[in-house]
Structures are given as structure tokens and as C-alpha cells.
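What follows is one structure encoded as C-alpha cells, with my remarks underneath.
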Amino acid sequence: MSDVVEKTLTALPGLFDSQTGAAKITNRLKQLVKSITELTSKHEEENLMKQELSSMKEQVASPNTTMKQMKEIMVRAMYCEMMGYEASFTYIHAIKLAQQGGVLEKRVGYLAVSLFLSESHELLLLLVNTVLKDLQSTNLIEVCMALTVVAQIFPKDMIPAVLPLVEDKLSHPKEIIRRKAVLALYNFYLIAPNQVQHIHGKFRKALCDKDPGVMTSSLHIYLQLIRESPDDYKDLTGSFVTILKQVVGGKLPIDYNYHNVPAPWLQIQLLRILSLLGRDDQSASELMYDVLDESLRRAEMNHNITYAILYECAKTIYTISPKAELLEKAVKCIGSFVLSPKINLKYLGLKALTYVVQHDTKLALQHQMTIIECLDHSDFTIKRETLELLFRITNAQNVTVIVKKMLDFLRVCSDDHTIIHLVGKVAELAEKFAPDNSWFIQTMNDVFSIGGDLLQQDVVNNFLRLLAEGSDCKEDDDQLRLYAVGSYLNVLKGNCFHLPQHFLQVMSWVLGEYSHLQESVDQREVICLLTKLLDQKTISSETRVWVLFALTKLSEDQTDLILDLLESLSSSQDTVLRQQAQELHHLSQDSQLHEWVLPHGAPWDSVEVDSSLSFLDGYVSEALAAGAAPYKPPHQRQEELCEERALSLEPYGFNLPVSLSSCSITDRQSPALSSELSGNSAELSQKAGTLILEGVKRVWGKDGYLPHKETTGEGAQVEDPAAALQTSGQQGAAERLEPPDQSQQKEDKQQLASSLFVGLGAQSSTSLLGKSEAPPPRFRRKPRPHASSSSSGASERSSDSSHSSRSTADSFLYGNLLEEEPTTIKPSSDVTKHNHIRANGPEQNKDAGVAVETDRGVNTSHILGSDMVLVRPNTIQDKYPADLTELLPADLKELPRSDVISLTSDPSLSLSSCRVFRDESLLLVIFLSNCTDTAITDVAVQLTCEGLETVSLRGNVIECLEGVSVCHYALMMKDPQTNVSFTGTVSYQTQAGETNSLLFSGTLCTADFIRPLVVTTEEYGKLWLSFSHDVKQNLKLLTDAEDPLGATLNALKETLQLHVVDVIDSEGILACSLLSGAPCLLHCRVNGAALAVWLRSPLPALPDCILYHCQKTLAEH
Amino acid sequence: MLFHGTINTKQQQQQLSNPVLCSWWRTFFWFTMIKFLLMVNKQGQTRLSKYYEPVDIGKRAALEADVVRGCLSRRKEECSFVEYKDYKLVYRQYAALFIVVGITENENELSIYELMHNFVEVLDKYFSRVSELDVSFTREMTHKALNKLADSVIYQFYLQQSLFDRNRIDRNCGMSLYIH
């Protein structure tokens, strides 16, 4: 066989050389390239390309074009696409070329396809057949080409079609084929991990392949696999170590050397794998120490590539369980990088240092002078990396210097991306380590003015929340607020037309809320300043709204000042402004109402919000009765619009999945109301989801507040003796050696060093290996009962949705605002609803809660609306109940549920959970048990689960916990995923006054979110035809049972909640649906000793997920 | 190793969109990925481009212009790495030709820097004129690379697979290299 190949290979060049067409083709492209190079303007280029494209279009359309010519056209089309001119008319011809051409044309065709098409391109489906044919070809070159294209791009849905063929190739005698097959499987793994699940064993074989190339390719897969679940591959640690040992020892053929370094990129790959395996694992790390040591030793050549290996080594050494000897070597290595005159190496050194100081901040001390020099380096990249390093070593003592350096850098920086990034970091540092109020406010002022309008909304919201929520000590808070007010008044008195919008918004909010604290300032003056702002043309309408809100809060008894303003704004084009002006007008006439709606200095958390908007139910049902259309959230409207526009390919009279899901949900309630409520909640959660995206990395918040003024107060004064000593020593030496002017400069640097690195030395007394703990932040937020992330962007929304003139939409807008940013409660013309929102006393609150409760009891579907009313959880007095499930609310007891599992516990609190399978959602029930004799107070549970939607929650805030309490979350899965992990925290206060928090996590799988779908065989048939996404696979059949098919189906039914629709002879059909309503149909057929399963669903990912669980179930059976 | 084009499984995308998880990923996992490879001359004309993450064709020109501007503005004594949006750019200049690779933050810059050189060495071996490296040459090379090395043997096969075994490429792909 291989002889034949060799012959083909040697014969080919001759073949190609004799081609006369080659010269011609070359000329054509050459001409094009040449003429483009000679052009002088963009305009000429466009003209030329247009000509070229139209001539190509003509050529491809002509029936006389030969394959050879087509190949030439493809090459030109690639060139055009590279220049940025779309040549989409050639795509189909590229596929045709791959299909019909000879070896050479095929190659060009495949290349063109892989360059032109993206993974989701519909034309890609046409390639599948060609690939199948070529994979079965006896010509090795064709097989190679097919595998290459499969490794680059392949339609996800078609993987099962080629998978067996590719699998076969894993045992091909030619190593290049084996290698390409591994890469193809790697690509499959990336696009559809579930479908290659069953061949993990073959990956192991590839890892042990005698050809190093195949082994290397398999490492790509392993890196990915180990990233996802390092624990499953611990047993391979030894193998990876052995491989690395062999590579480092030069056991690979000399071909693999690069500048005399054996397989450097392979070494780097292996080091990465080892660091993932060795993280937090002493025993695995121990296996690695030797080989790491050897790597360090061997890589002592002076070449860039060895530095790259050393960098990776050092990183690995600091990631795995530490060993003093190696750490020392790694540090030495990093040190030599940082000190290197080679700029690239210096950069790498800084980067490595940034990584290692996370583990041991005092390492930065050794290089303090170099770091100072880098800070003033002419190279932007180096400066940037140095700031990153400084950010990591910031503590309460050096924060002022570091923040100053960062701000200096920001002032001269012009790159938007860098500004956004760094400004967020400055804000984070300021919040965490601020030494005093004035500094904090001043720094935040800088942040707002430098960040400008690029600033992320999160920074603004965090800052405002910090001011609003305050700490436990009212005096401190008021001082901070006072200072802010004073500072902003100063700013506003100056020239403020250049100030960014975010800054103006912050200022107007603070002034509106807190200017009454400043007794020396006349409220009238503040009002005047704000009114002046409104006159400016440069400020955006969103800012105007903020200013107007502030005026509304301030204007009590001072109506004379704003009458003119009201006059002009009442006729404004902007509906929000106009409405705001109306409200202001209304309130200014009724001071009692004003006092009641906007009381001075009311703490923000005293505001009760009924976000389910139940007070509107009456209004809504009236409107519906009068024939109004039910409310649809924007995304739903959008979707429907799209659907209308698109060509309907489904048979008439059959519109799934919408009808199916709605009929299953709505038969117990009025459909309009449900769509309204659930729609609203969906919108909310979606909004929250998108906002999280913009989040600045935030480490703080959510836990309780710890006043620790003493620490920071002392810290600022106390200089670290070690640093001081070192400084004076070095300084002395410097003065002796340097000429006076230079020594002056040096002295400055020394001073800077001592201020930058102060506080780091203090930790050096701790163990070398000890990971330093971050000091507690100065400002901390109080726990919030609900997902805090949703609070951002309230103002954005106010402008977004405000244009809708529909009254319902407006009310929703209010609902959102009230919930999202309670501090900016706005009065409304519809005064009656405040009766609901602001209950006067706790009794009424409770009543409201109960009202919602009973309402829910009658009409279960109300739960779909987001239930944010603080309902007192069902606290049960039993101390240690034997069976936690006894504690479930009565309406849940009947439902099917999982076993109770323990989540986590600490000395005072233990958590367990249980899943309750409700028809319309999955209930995650969390049992909070107080293990102590004393009560625990202020318990707040927070749950985060990416990929899941929380439709309602109950009992997540408990004022006082004795015994056991139940908190439950109703969850929905939006996009099917095989497994979803959730994490959460419980924060609470013990009797002693300590604030603790307890982390928990767990996983949920698709099976929790699917429910049996009851359909008839006929309906099933119709459904089947209407779904486009399908997956086929052979599964294990439980052959030992009497009726293999029945036994297998039953096993699936029991574990996965499927509905067996029908069983006919050797075939069975099953159906289920995801909670959101998307159905999935399974068709099973006994095929010898296997069960051929065919899944179809309207959702692309659902069949994969379900297949995965089927596979798992049967494997475990 | 690195080049699986995009993080395109839904799950990963979702995980990335969450800042908490995102920082978690950043700390715990190193995304080692190359987003694109460009060969551009000093005039800013693209000679070769390969994107491992789908980029809209309309946006490519702007991205390429940005990238070239970023690299051209650098001085010789400055380091070969620049930040560009979410990417890090690693560039290397050969006479009038720039090779630029866009990578993620967690990739090892120096190894990519050397990888480029390896790439050029391979090119050098196949095109005897690669050492001239003037503008006319780069045109010739691009043209050859696209026209003759049909399967982009060098850059795709090479980068995508065994990054290190230069000589094996000779052996395995020799055939296609004789075509011209």
C-alpha cells in the first residue's frame, strides 16, 4: 500500500509540471495583483475589483468554463475576498469544484470552501456528500484532503454521518491519515462534544501512538478535556510527565527540533496540561517536580524559544502545589527576564511577575526599581503591563500612589479599550482601599471625568449604590455624602459643559438625594445650578431626565424657581421629559403628597416593591375585557415579526411548538395574564443577562459590612520598616556613586519605590509559600435580597422604553424602575398605585405578601411572574427534623422530587437541597438549617446559575432563622445544555454579630428540565416532519432483559421523564419537552444488539443533550 | 493546539458572557488561541489573511487597517506585542512585510513570535526567493501561496497541526509543493 502512495507522490510533480495551463493561470492572477499594486487610490481599487468580479461572474455562469479555468477563478475569488470584496457567487462553484474536479481542482475547491464558508453557512451541507465520498476513496490524497476540510469546518448536524468513517481512520496504517483523523475528531469535539463522548477511549490510543505527530495532535483534545474536568484525567498525569521527559531529553527524531530545541511548542503544550492537572493536587504535582526541574535546567540556551518554554515552566510551577526549591528557581528565572535588556523578554518577565504576585506579593519587592523604570518606559505595552502588575499588588497603604500612576497614564492614553479597562480597575481599587472620604470622592471624580462616556454603567451604579446603601454607621455615611455634595457643588460652579454625561448624572442624583445634609448650602442655590445645567445644549436627554428627577426631589417649597422650567418642558418633544415635568408640577402643588412620595433621608431598603405588578391586575383585565391586545415583551414582538417575514415551510394548520406549549400551560389560567406576567419576567431576566456582560470585574460587595476604620487609619501612617530600611540603604549607596543631578532623579525613584511597595514587605514575614490574603475592603455593601446585578441600567431602560405611549408599557416601566433602583423612586401621575408600592407599615406589607400568596394558591401560574415580594418563609420550629422533605410546603409535597442531598455546611448553618419537578418549572429547594441553639439573623441566599432562568423565588431572605427554613427557586432552562452548574452564597449574621457567608454549588442536568410530552402517534408523526434538527446514534440495548426494547425504553422513561408514545414491533417512539416548551421526539429501533436512536427537535442543541443523558442512563443501567 | 477558530459552543459563549465566570475562566484556564494571521506590507496592503474566528468580510478591511496602523506606529526598540481590543497582537517585521498574529491574552507571546519565524523559515525553504522580501516578492509569494499551495499547505496544515515538525511537512506535503 505505502509503495503505491510513494509512487503516486513521486509521480505527481512531473504531472503537474507538464501542465501548460499553470503558466496561464499564474499570469491571470499575477496581472490582477500587479494592477492592484500599481493603483494609487481606494476608488480605483474599487473600480478594478468591480470589473474583476463581474468578469468572474460571467465566466462562472458560462457552461463552457472548464474545471481548470474554474480553479483559476477560485484563486482569484480568494484574492478578492481577501481584499474585502465579497464574491459569494463563487461559493457554490467552490463546492462543485471540490465535488467534481481532479485532485488538483479538488484541492483548490476544498481550500476555497474552508476560506469562504463559515460553520453555519447553509451551503456547507452540500459538501457532506463529497466528503463522504472522498473519505471512502482509495486515493490517500483525497482522504487527506477530506479529513483536512473536516478538521476545519463541518456542519454540526452532519457529524453523525461521517463520524464512523473518521473513527475508522484512527487505525489507518499511514500516520498522516491518523493524525488528520485525530484533528477532525478534535474539531467535532469542539463543535459538538456530546457526539464524540463514546470514543474517549480511542483518544487514549492516539495518545499512545508510536508516531509523535499523532500523539501531539491528541494533546489538543486532551488540553481541552482536562480544562473542562481535570479530575477525570488525573490518571494520565504519569503519561504526560513521561512524554515531557522524553521530549526534553531529546528522544524525539531530530526533525522535530527548532533551533536545536526539541519540539518547543510540544513542550509548552505539555506544560499547560501539567499545570491544569497539578493545580490543588499535591500527589499529581509531586510526579511533576522532577521533570519541571529538568525542563528548567535544559532550557538554558539563549534563544527566544527557550525563554518561551521557561515562562511556561515558571507559570506551571506557580500553579501546581508549591515546592520551595522549584519556586526559587522559577523566581530567579523571572528575575532574569525582567532585568533583560531585550524588550520582548522584559515584557514576558513582567507578565510572569504579574501572574506570580497573585500567589506571593512580596516577589514584586525584589524588582521594585525595575518596575519603577518600566513605569516610565517609552513603550506603551510595557507601561500597560506594569500597571497591571501594580494593580495586583495594591493594598491599603500604597493605593494612593498606584491610583495616581494609573490616572496619570489614563490622562495621556488615547485608546478607548484601554481606558475602559483601566478606569474600571481604578474604581475597583478606590472602592476597596480608599483611605478617606475626600480621596475616594476625588478619585471617583477623576474616574468619571476621564472615563467619560465610555464608562461602563456598572461603575456608576456601584458608586451610587455605595452612597445610597451606606454602612451601618450613619455618621460615616453622612460624612461621605456630605463630602460628595460639597465636591459636586464646586464642580458645578465651574465650567461644566465639557463634563461627561455619566458624571453629570451622578452629580445630579447625589445632589437631589443628599444636598439637604449640607446645611450651609442654600437649597435654592442647588436648584439654580441644576436648572442651569438643563439650559445647556450639550447634555443628552437621558441626563436631563436625571437632572429633572433631582429637581423633583429638591423642589419642595421652592416652586417659584422651577415654574418657568416646567412651562418650557411641558411642551418638550421628549415624552419622558414631558411626563417628568408633569409629575414635578403635580407634586409641587401638593406638598403633603411630595413629603409622602419622596421623604427626606429615607433609607433605600425600607422601600417595598411589588415587582409582580399585581396591583395592575385589575387594570389589565379590564383593558383585556375591553378588547386590548395582551402585552408582549419587545423580544417576543421582534420574533413574531421575523416569523411573519420568513417563508413558512411548515404544513398548514399546524403551528408548533408555540401552540403545544401554550396549551399545556394555559389551561389553568387566563392566557392573556400569563403571557403578560411571564413575558415581563422574561424581559427582566434577559435585560439582567445582557447587563452582566458589561460588568467590570467585581470582587466585592454582596457580603456584609465590616467597619474597619482602625486598620486603614493606622495603615496609612505606619511605613513598613523593612521597606524603609532598604530604601535608605540603597539611597545612601546611590548618593555615593552617582553625580548629584542623577542622584536626585534616583532619589525620586527611591521615594516612589518606597511608597509603591509599602505594605508588601509586611507580608514577607509570613511563610514564603503562604498565599497572602487580601485585606478587607473599606467600603462594603450591605447584603441585598435580590440579584444585585439587575440594578444596573435602570436609567437606560427608562429612555429605551419610554417612547412607548401605551399605558401598560409605561406602568411596566415604572415597575422596573421601582424595583431596580429603589433610591430613585419617582412620583407618577398615577398616584393610586403608590398605595400598593409603599405600604405604610409592616402589617400592610405582610398583607400584601399574603395577598399575593393566596392569589398564587388559587392560580398556580402566577408563579411564573417574578415574585419579588418579600414573603416570610415558612419557618418551622422543629430543631432537627429527621426528614427535611416534611418541611416542603404542602403544595409541593405531592410532586415528584429527588432525594435530599447535603450541599455544604459550617458550624452554624447547614444547607441541603432537593429538586422538585413541577410541571412548569424545576423547583430547586434549599433547606437552611440552623445548627446552633441561638438564632441566626439577616440570612440572605443568592443563587447564580448561568444558562438558567430564575422565574421566581421564595424565602431567600430570612430575618431570623431558628430551626430549619425552606427557600425555593423556580428555574427554567432557556437553551438546552447537558449540565448546568449553579453557585450561590448564603450570608448571615450570628448572634455574636459576626457576618459570615457560606458558598455552595451543585449541578443540574437537562433531565431535570424535561417533562413527558403526551401526544398521540398521529400527532407525533406530524410533529416529526416539522422539526429540522436531528441526531442519530446507536445506543446500548439492554439485552439481558426478556423484552430488550421494552426494558430499554422503560429505563429511559424512568430516569429521563419521557413519554412512551407507542411501541410497534421493534420500534418505539418517545416524546418529551423542555420546560420552555420545545419538544423533542425520539425514535428508537432495535438494530441487532444496538438501539438505533433518532432524535428530532426544533431546538438545535436539545437532541444532543437528551442523547447524552440517554447514553449515560443506559451505560449505568 | 490553539486554532480551533472560535469558542463557538453555546455553553462556552455563555460562560464567557458572565463576568464572574469569565474571570474564573481567565484565572483558571488559559485560553490559548490564535484568532487570525495576517501578512501585510508597509503600505497596508494585505498579502495573506487567515481568520480562525469568523469575522464578517465587511469588517475585515477595517480590522486589518487598524492592526497595521497599530504595528506601524511602533518603533524598532519597542516590544513586539501590542494590545488591540480584546486581543494581543504579536508582530514581526521582515523587510517591508509584517506578519501579525492576533492572540488572546493568555497565550504565550514569545512562543507565537517564534512560531512566526518558523513559518517564515518554512516559506523560505519552499520559495527560494523568500529571502529577498521586497514588496514585489511578497506579492509573488502571496500569489504562490494562494495559487499553487492550493491547500494552503503551509499555513493551515502547518499551523493547525504539528507546530514543530518542520521537516515532516517537507515529507508529507512535498507533493503539493512541487506543483509550481
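Order of the sequence lines sets the chain letters (A, B, ...), proteins ahead of strands, with each chain counted from 1. No hydrogens, no waters, no symmetry mates; every other heavy atom, side chains included, goes into these values.
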Relative to chain B, which segment of [X] carries a heavy atom at a distance below 4.5 Å: side chain, backbone, both, or neither?
| X | answer |
| --- | --- |
| A:Y307 | both |
| A:E81 | both |
| A:R384 | side chain |
| A:H377 | neither |
| A:S378 | both |
| A:K156 | neither |
| A:L348 | side chain |

Contact residues of residues 69-82 of chain B (partner chain A; heavy-atom separation under 4.5 angstrom): B:R74, B:R75, B:E77, B:E78, B:C79, B:S80, B:F81, B:V82
query: Looking only at heavy atoms, which of residues 57-65 of chain B get nearer than 4.5 Å to chain A?
result: B:I57, B:E64
- prompt: Between A:A308 and B:S111, which heavy-atom pair has the shortest distance, and what is it?
  reply: CB-N, 3.7 Å
- line: So OG1 of A:T418 and NZ of B:K85: to nearest 0.5 Å the spacing works out to 11.5 Å
task: Hey, could you give me the NZ/CG distance between A:K351 and B:N106, rounded to the nearest 0.5 Å?
output: 6.5 Å
message: Is there a side-chain contact between A:L345 and B:L110 in this structure, where contact means two heavy atoms from C-beta onward sitting under 4.5 Å apart?
response: yes
query: Below 4.5 Å, heavy atoms only, C-beta onward: do A:I309 and B:N108 meet side chain to side chain?
result: no
- request: Report the relative orientation of the aromatic rings in A:Y258 and B:H117; use parallel for angles under 30°, tilted for 30 to 60°, perpendicular for over 60°.
  value: perpendicular
message: Is B:Y113 close to chain A through its backbone or its side chain, or both, or neither, when contacts mean heavy atoms under 4.5 Å?
response: side chain
message: Under a 3.5 Å distance rule, please check whether B:Y51 uses its side chain to pair with a backbone N or O of A:L115 as donor and acceptor.
response: no
message: Applying side chain to side chain contact (heavy atoms under 4.5 Å, CB included) to A:H417 and B:Y84, what does each step give before you reach the verdict?
response: CA-CA 8 Å; A:H417 198 262; B:Y84 172 70; over 6 Å; no
